[in-house]
Asker: 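I'd like to ask you about the structure that follows.
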Amino acid sequence: MASRPGMIGRLTIADVGINVALFGRDLREDNQAIVDAVDSAAYIYTDVLGDVRDIISDHDNQGFDGIKRAVVGQTVATIDFGTQQEKYVCIEKYNHGQNVLTDLLADDGTSVLYQHSPGLIMYTCNADGSVTITCWTPM
């Protein structure tokens, strides 16, 4: 796996055409420069109420709109960390969620971070200002 300074791995979701470098960040850090760069998504580490919920985010106009085509129970994501690979399957999807300052909200307004499945969360923006949020569990 080719690497760049700060890169922690690469996310591939072959079924939806995603292949992007991941750059690790803390939830409290500003991730704008990472998501603004080409071939660069933010891998945000967070611990919510004792459950690990890592978050991957990127702009939809850089190919990350592929998560909008993820199929619950079928779409598989692979993260290559160089020394190990982790595989995940999509278990939840919200097409019109919200990104608020300290949370991601599902279509019905409930907290994805606090009330939904722990594990990996990916999200990207929509043209109407909402976000598509997908939740993933290890295989």
Asker: Is there a side-chain contact between Thr137 and Glu92, using heavy atoms and a 4.5 Å cut-off?
Answerer: no

Asker: Roughly how far apart are Leu104 CG and Thr132 OG1, rounded to 0.5 Å?
Answerer: 11.5 Å

Asker: Indicate if Val72 and Ile56 have the same hydrophobic cluster label, given that clusters are the connected sets of ILVMFWY residues with side-chain heavy-atom separations under 4.5 angstrom.
Answerer: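 Not linked; separate clusters.
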
Asker: Ser111 side chain to Leu105 main-chain N or O, any donor-acceptor pair under 3.5 Å?
Answerer: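 No, the answer is negative, given that no donor and acceptor are paired below the 3.5 Å cut-off.
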
Asker: Lys93 versus Ile133: any side-chain heavy-atom pair under 4.5 Å?
Answerer: no

Asker: Between SG of Cys90 and CZ of Arg69, what distance do you get to the nearest 0.5 Å?
Answerer: 13.0 Å

Asker: Is there a path of hydrophobic side-chain contacts, each under 4.5 Å between heavy atoms of I, L, V, M, F, W or Y residues, that connects Val71 with Met122?
Answerer: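 No, no single cluster joins them.
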
Asker: Show, in sequence, the C-alpha distance, side-chain angles and deciding distance for Asp58 and Val20, and conclude whether the side chain to side chain contact (heavy atoms under 4.5 Å, CB included) test is met.
Answerer: CA-CA 9 Å; Asp58 200 2; Val20 64; 3.9 Å; yes

Asker: For a side chain to side chain contact (heavy atoms under 4.5 Å, CB included) check, start with the C-alpha distance between Leu113 and Ile121, then their side-chain angles and the critical distance, and finish with the verdict.
Answerer: CA-CA 9 Å; Leu113 289 181; Ile121 296 169; 3.6 Å; yes

Asker: Provide the closest heavy-atom pair for Phe81 versus Ile8 in the form atom of the first, atom of the second, distance.
Answerer: CD2-O, 3.3 Å

Asker: For Ala70 and Thr134, which heavy atoms make the closest approach, and how far apart are they?
Answerer: CB-CG2, 4.4 Å

Asker: Indicate yes or no for a side-chain donor-acceptor contact from Asn19 to the backbone of Thr12 under 3.5 Å, with no hydrogens or angles considered.
Answerer: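 Judged by distance alone, no pair lies under 3.5 Å.
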
Asker: Is there side-chain contact between Pro138 and Lys87, with at least one heavy-atom pair below 4.5 Å?
Answerer: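 Side-chain contact under 4.5 Å: no.
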
Asker: Quick check for you: to the nearest 0.5 Å, what is the distance between Leu120 atom CG and Asp54 atom CG?
Answerer: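 The CG atom of Asp54 is 6.5 Å from CG of Leu120, to the nearest 0.5 Å.
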
Asker: In the single-linkage hydrophobic clustering (I, L, V, M, F, W, Y; side-chain heavy atoms under 4.5 Å), do Tyr123 and Tyr114 co-cluster?
Answerer: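 Per the 4.5 Å side-chain linkage, Tyr123 and Tyr114 are co-clustered.
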
Asker: Could you walk me through whether Thr110 and Val112 pass the side chain to side chain contact (heavy atoms under 4.5 Å, CB included) test, one step at a time?
Answerer: CA-CA 6 Å; Thr110 59; Val112 175; 5.9 Å; no

Asker: Return the CG to CD1 distance between Asn99 and Ile55, rounded to the nearest 0.5 Å.
Answerer: 9.0 Å

Asker: How close do Cys125 and Lys68 get, counting heavy atoms only, and between which atoms?
Answerer: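 Taking Cys125 first and Lys68 second, the nearest heavy atoms are O-NZ, 3.2 Å.
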
Asker: Could you tell me whether the side chains of Asp15 and Thr75 share a donor-acceptor contact shorter than 3.5 Å?
Answerer: no

Asker: Kindly determine whether Asn126 and Asn95 satisfy side chain to side chain contact (heavy atoms under 4.5 Å, CB included), including the steps that lead there.
Answerer: CA-CA 9 Å; Asn126 295 324; Asn95 296 310; 5.8 Å; no

Asker: Using side-chain heavy atoms (C-beta onward) and a distance below 4.5 Å, is Ile79 in contact with Gln85?
Answerer: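 The answer is no; the side chains never approach within 4.5 Å.
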
Asker: Would you say the side chain of Met7 lies within less than 4.5 Å of the side chain of Leu22, judging by non-hydrogen atoms?
Answerer: no

Asker: Would you indicate whether the side-chain heavy atoms of Leu11 and Phe64 approach each other to under 4.5 Å?
Answerer: yes

Asker: Between Ile67 and Asp65, is there a side-chain heavy-atom distance shorter than 4.5 Å?
Answerer: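 They are not in contact (no side-chain heavy atoms under 4.5 Å apart), so the answer is no.
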
Asker: Measuring from atom OH of Tyr88 to atom CE of Met139, what distance do you get when rounded to the nearest 0.5 angstrom?
Answerer: 12.0 Å

Asker: What I'd like to find out is whether the side chain of Ser130 reaches to under 4.5 Å of the side chain of Tyr94, using heavy atoms alone.
Answerer: no

Asker: Does Arg10 use its side chain to pair, donor to acceptor, with the backbone of Asp80 at less than 3.5 Å?
Answerer: no

Asker: Check whether any side-chain N or O of Asp107 sits under 3.5 Å from a backbone N or O of His96 as a donor-acceptor pair, and report yes or no.
Answerer: yes

